[in-house]
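See structure below.
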Amino acid sequence: MEAKDIKKVACVGAGVIGYSWALYYSLKKLSVNVYDITDDALNLAKIRIHESLLNLKKNNVVTDEEIKEIESRISYTTSMSDAVKDVELITESGPENYDIKRQMVEEMEKYTKDDTIIASSTSGLLITEIARDAKHKDRFIGAHPYNPPHLIPLVELTKGDYTTDEVINTAKEFYQSIGKEPVVLQKEALGFICNRIQMAVYREVCNLVMKGVCTIEDADKAVTYGPGLRWAIMGPSLVFELGGGKGHVDGLMKHLNSSISLWLHDMADFKDFPEEFASIARKGVEESLKNRPKEIGNDDESLAEYRDKMLIEILKLHNKL
Ligand SMILES: NC(=O)c1ccc[n+]([C@@H]2O[C@H](COP(=O)([O-])OP(=O)(O)OC[C@H]3O[C@@H](n4cnc5c(N)ncnc54)[C@H](O)[C@@H]3O)[C@@H](O)[C@H]2O)c1
């Protein structure tokens with residue numbers, strides 16, 4: 001199968017991630033079957049899709065007319081057979097648990113075509129293990145999105161031991177064709193690329209706060225108004241390429257190496273977050289929210305709304321919307 005043959009997709013599991021994938025596919029003019037195990041779960045997905053569309057309308061991304069079209073391309077069902085029998089790609093976003101995902105694989109394979117690509121949203125389980133009992137192990141991939149998938153372009157693609165190059169290449173081309181930015185991991189790695197980078201940063205946030213160097217609020221402020229602004233435009237290596245001036249990135253690394261080495265030796269390298277940090281982070285976030293005006297988000301709801309509004313503006317600058 002080629003990427004251009006993928007016209008219809010199924011989203012199996014329609015929670016926080018599944019509904020958002022379904023919305024994205026429909027925004028990109030694909031027909032989508034949404035499957036979940038209960039009508040209540042499907043109704044919630046429908047509501048979330050509608051609310052997200054209203055938010056996109058508020059930010060001038062879609063019109064009322066387009067909302068109707070987008071919603072009309074999405075069907076909802078609790079029948080696995082109806083969901084997967086005529087699709088070319090399935091996005092699996094069920095609970096993060098091998099037993100449940102394997103059960104879902106068994107159900108999907110009963111009804112789906114033999115060459116349908118099955119892409120798991122798993123945040124960290126191994127594709128080889130998810131597909132352990134599958135009939136056609138070669139067509140399983142990991143396609144790890146960032147929340148919310150209908151706004152964040154990154155998708156980290158992973159192969160299992162049996163995944164063919166043809167399948168991963170088709171998937172990569174498909175995601176590119178619908179405006180995603182796929183990155184293929186050359187080998188499986190726990191946490192993929194970005195969760196590792198995020199946790200490296202957050203480990204140091206924890207370290208700085210626990211040592212009394214800064215508050216949670218100031219660490220967030222430092223990232224948002226410092227490197228975060230640059231990272232929304234280009235990655236850390238390109239940022240350092242510019243930081244190196246005529247010496248480029250290698251010049252910067254050589255020039256600062258002895259100084260960087262001092263910081264690295266002083267930085268955290270713990271393997272488990274200290275238990276007390278969870279409540280320290282929570283208190284820090286509460287304090288931080290108290291100090292923010294409503295228009296940039298000062299509770300979870302307004303914060304999510306502000307995040308999506310700003311993401312939309314940044315995506316427009318990237319020509320991604
Ligand atoms: N939440 C995130 O930020 C995030 C980010 C990236 C990836 N993921 C991954 O996406 C997947 C889904 O996570 P989520 O946050 O959407 O979880 P969620 O709990 O919001 O949704 C899971 C959905 O799966 C449904 N479900 C349960 N059993 C099922 C079955 N047998 N068949 C089909 N559907 C079933 C549930 O009813 C629910 O709607 C997980 O693998 C998770 O690791 C989550």
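Order of listing sets the numbers, starting from 1, for every ligand and every atom in it.
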#### Entry: E96, any N or O under 3.5 Å of ligand 1 N or O
yes

### Query
Purely on distance, is any nitrogen or oxygen of S123 under 3.5 Å from one on ligand 1?
yes

### Query
Going by the order shown, which atoms of ligand 1 are within less than 4.0 Å of some heavy atom of H144?
6 (C), 7 (C)

### Message
With nothing but distance in play, are any N or O atoms of K101 less than 3.5 Å from an N or O of ligand 1?
### Response
yes

### Donor-acceptor contact below 3.5 Å, side chain E204 vs main chain M267
no

### Task
Going by heavy-atom distance to atom 12 (C) of ligand 1, choose the closest among S93, G142, A45, P148.
S93

## Note on the structure
The protein heavy atom nearest to atom 34 (N) of ligand 1 is G13 CA, 3.6 Å

### Query
Would you call E88-K113 a salt bridge at under 4.0 Å N-O?
yes

### Summary
Looking only at non-hydrogen atoms, the one of P95, G15, A83 nearest atom 24 (O) of ligand 1 is P95

### Message
If you define the side chain from C-beta out and look only at heavy atoms, does anything of V183 sit under 4.5 Å from L157?
### Response
no

### Message
Show me the pairs that pass ring pair (Phe, Tyr, Trp, His ring centres under 6.0 Å) and involve residues 186-229, at least two apart or across chains.
### Response
H144-F192, Y202-F277

### Query
Based purely on interatomic distance, does I17 place a nitrogen or oxygen under 3.5 Å from a nitrogen or oxygen of ligand 1?
yes

### Task
Would you indicate which of E107, E156, M104, E92 comes nearest to atom 32 (N) of ligand 1 when only heavy atoms are counted?
M104

### Task
Could you check which of T38, T78, D36 puts a non-hydrogen atom nearest to atom 37 (O) of ligand 1?
D36

### Query
Does the R139 side chain pair with the main chain of T116, one donor and one acceptor, at a distance under 3.5 Å?
yes

### Task
Quick one: look at Y35 and ligand 1, take heavy-atom pairs under 4.0 Å, and tell me if it's side chain, backbone, both or neither.
side chain

### Query
Relative to ligand 1, is Q103 under 4.0 angstrom through side chain, backbone, both or neither, heavy atoms considered?
neither

## Note on the structure
The complete set of ring pair (Phe, Tyr, Trp, His ring centres under 6.0 Å) pairs with one or both residues in residues 226-271, sequence neighbours excluded, reads F270-F273

### Beyond-backbone contact of L56 with I312, side-chain heavy atoms, under 4.5 angstrom
yes

### Message
Suppose we measure from atom 3 (O) of ligand 1 to each protein heavy atom; which comes out shortest, and what is that distance?
### Response
N147 CB, 3.7 Å

### Task
State, yes or no, whether a side-chain contact exists between V16 and R48 at a heavy-atom distance under 4.5 Å.
yes

### Message
Tell me if the CD atom of E106 is crowded by more than 12 foreign heavy atoms within 6.0 Å.
### Response
no

### Message
If you count heavy atoms of other groups shown closer than 6.0 angstrom to CG of N291, is the number above 12?
### Response
yes

### Query
Looking only at protein heavy atoms, which one is nearest to atom 15 (O) of ligand 1, and how far off is it?
V16 CB, 3.8 Å

### Query
Any non-hydrogen protein atom below 4.0 Å of atom 19 (O) of ligand 1?
no

### Query
For atom 11 (C) of ligand 1, which protein heavy atom lies nearest, and how many Å away is it?
G94 O, 3.3 Å

